[in-house]
Amino acid sequence: MKKIFCSMFLILFTTILIGCGEEKKSTDPNQIPTVIATEENSDKPAQVDNDSNAPEKKFVEPLKITAQEGTDYILAADDFSNLQLDDPTKPVYDKYIIWERQEKNLPIVLPELDPYYEESTVYLTFDDGPDDKVTPQILDILKEENVKATFYVCGNMVENYPEVLKKIFNEGHAIGNHSYNHRYEELYKSPWSFMEQIIQTDNAIKNVIGVRPFIIRAPGGVGMFGANYWTMVEDCGYVEHDWNALTEDATPSKPNASTQINNVLKYLGDNPPSSVIILMHSNSDKTETVKALPQLIHFLRDWGYKFGVVTPMTPQPW
């Protein structure tokens, strides 16, 4: 079944590439995306989420990209031969969008990778950013504590705050794809609708930092997936990671800092797993998350955890 689906997908994708010079509007929820409007290929302004709670964009002196390949991150080889790593602290990126790989006849599907279990490792992950209020505060704390984390970003937020994305990248944190606008009713019409937003966000990320991630996180988690979503994700060369602990900072109860820490301890229990992925958020109303972060880091250190960033070799939390 998977081979049939994969073949159909590649045929459809090849058909799309024929029209790469033209922007096409995807009104059919079952239509795989064509070229998404970018600064290079469209004279239309970038799409802005009018329903976003993000604060008004302010002018920031442009940052230069200073992160160095090999030192601050790993760039995937054309054939993916360098993705089996023994270091969970370096992010992994690709210099190609998936249709560029298809166009160059390069592999798209990732190879089988052995999960990293050599040390007890915790992965701090932050969804829904970047913004210019909470995300910079989180970055300052991580820098002070000498901890690397993973930021699952939304494409519309990347377009609003590109300088914050550069800061995340320059400081050696991992960047993951968290859809373009986080709207469930649009994302989960079909696997094709989901992948359209993933590709659109890849474009937004690459336009800012020159590379795109392999890691994605589905808004709401994979419980939102229906039939064929997993097949679509795998055949497009992405790895999805949910979480096995969370601060619950996005729940209606809006827990304070001490409650957030206790929530994480509750999920870890009396016999904490060797690999822990913690869900938090970095958008503009998560000030209690900022307050909780230093103490949470200290707790995890005291328990003997090493801090890593999510990569294709990170163990799944289930």
Side-chain angles (χ1 to χ4, degrees), residues 1-2 4-20 22-38 41-42 44-54 94 96-103 108-110 127-129 152-160 175-207 212-242 250 281 283:
M1 181 68 184
K2 181 173 179 179
I4 296 173
F5 186 93
C6 184
S7 298
M8 291 175 63
F9 171 77
L10 290 175
I11 292 170
L12 185 55
F13 211 87
T14 302
T15 304
I16 292 162
L17 286 171
I18 296 173
C20 271
E22 302 177 358
E23 182 188 354
K24 300 179 183 178
K25 294 183 179 179
S26 179
T27 55
D28 179 357
N30 291 316
Q31 175 64 50
I32 194 72
T34 62
V35 173
I36 304 298
T38 66
N41 64 23
S42 175
K44 300 195 312 185
Q47 181 179 347
V48 177
D49 180 6
N50 293 326
D51 294 334
S52 173
N53 292 322
D94 193 13
Y96 301 115
I97 302 293
I98 58 173
W99 65 64
E100 293 174 325
R101 284 192 161 273
Q102 177 77 2
E103 196 172 38
I108 294 175
V109 178
L110 295 180
D127 288 9
D128 297 355
Y152 285 97
V153 300
C154 294
N156 59 349
M157 299 297 281
V158 167
E159 291 172 351
N160 284 336
I175 294 166
N177 189 320
H178 195 47
S179 83
Y180 183 79
N181 63 22
H182 208 282
R183 293 178 180 170
Y184 292 4
E185 70 276 13
E186 296 178 14
L187 270 169
Y188 298 116
K189 289 179 182 178
S190 71
W192 315 97
S193 300
F194 179 83
M195 191 53 57
E196 182 174 20
Q197 287 212 20
I198 294 298
I199 294 174
Q200 189 173 9
T201 301
D202 271 356
N203 273 326
I205 292 170
K206 189 179 177 187
N207 283 344
R212 62 100 183 183
F214 293 103
I215 58 171
I216 68 172
R217 175 172 284 166
V222 295
M224 303 296 296
F225 280 4
N228 292 333
Y229 280 78
W230 277 116
T231 305
M232 175 68 78
V233 167
E234 293 171 3
D235 287 351
C236 288
Y238 295 101
V239 181
E240 205 282 349
H241 290 89
D242 276 5
H281 294 79
N283 49 339

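Atoms considered below: every heavy atom in the structure, side chains included; atoms not considered: hydrogens, waters and symmetry mates.
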Closest heavy-atom contact between [X] and [Y]?
{"X": "D235", "Y": "V109", "answer": "O-CG2, 3.8 Å"}
{"X": "F225", "Y": "A218", "answer": "CE1-CB, 3.6 Å"}
{"X": "A227", "Y": "P191", "answer": "O-CG, 3.7 Å"}
{"X": "V158", "Y": "A204", "answer": "CG1-O, 3.6 Å"}

Tell me whether [X] contacts the main-chain N or O of [Y] through its side chain, where contact means a donor paired with an acceptor under 3.5 Å.
{"X": "D242", "Y": "V222", "value": "yes"}
{"X": "Y184", "Y": "M224", "value": "no"}
{"X": "Q102", "Y": "I108", "value": "no"}
{"X": "E186", "Y": "S193", "value": "no"}
{"X": "R212", "Y": "Y96", "value": "yes"}

* To do: Take M232 and W192 through the side-chain contact (heavy atoms from CB on, under 4.5 Å) test and state the conclusion after the steps.
  => CA-CA 8 Å; M232 175 68 78; W192 315 97; 3.2 Å; yes
* **H178/Y180 aromatic ring centres below 6.0 Å** => no
Measure the spacing between [atom1] of [X] and [atom2] of [Y] and express it to the nearest 0.5 Å.
{"X": "I199", "Y": "F194", "atom1": "CD1", "atom2": "CZ", "result": "11.0 Å"}
{"X": "R217", "Y": "N177", "atom1": "CZ", "atom2": "CG", "result": "12.0 Å"}
{"X": "E103", "Y": "I98", "atom1": "CD", "atom2": "CD1", "result": "12.5 Å"}
{"X": "S179", "Y": "D128", "atom1": "OG", "atom2": "CG", "result": "8.0 Å"}
{"X": "K189", "Y": "Q197", "atom1": "NZ", "atom2": "CD", "result": "9.5 Å"}

* Asked: After noting the C-alpha distance and the side-chain angles of R101 and D94, does the key distance pass the side-chain contact (heavy atoms from CB on, under 4.5 Å) rule?
  -> CA-CA 10 Å; R101 284 192 161 273; D94 193 13; 2.7 Å; yes
* Kindly indicate whether the side chain of C236, heavy atoms from C-beta on, has any atom under 4.5 Å from the side chain of I198. => no
* Could you tell me whether the side chain of T201 reaches within less than 4.5 Å of the side chain of C154, counting heavy atoms only? => no
* So does K206 pair up with E100, basic N to acidic O under 4.0 Å? -> yes
* To do: Mind telling me whether Y188 and Y229 have parallel, tilted or perpendicular rings, with 30° and 60° as the class edges?
  => tilted
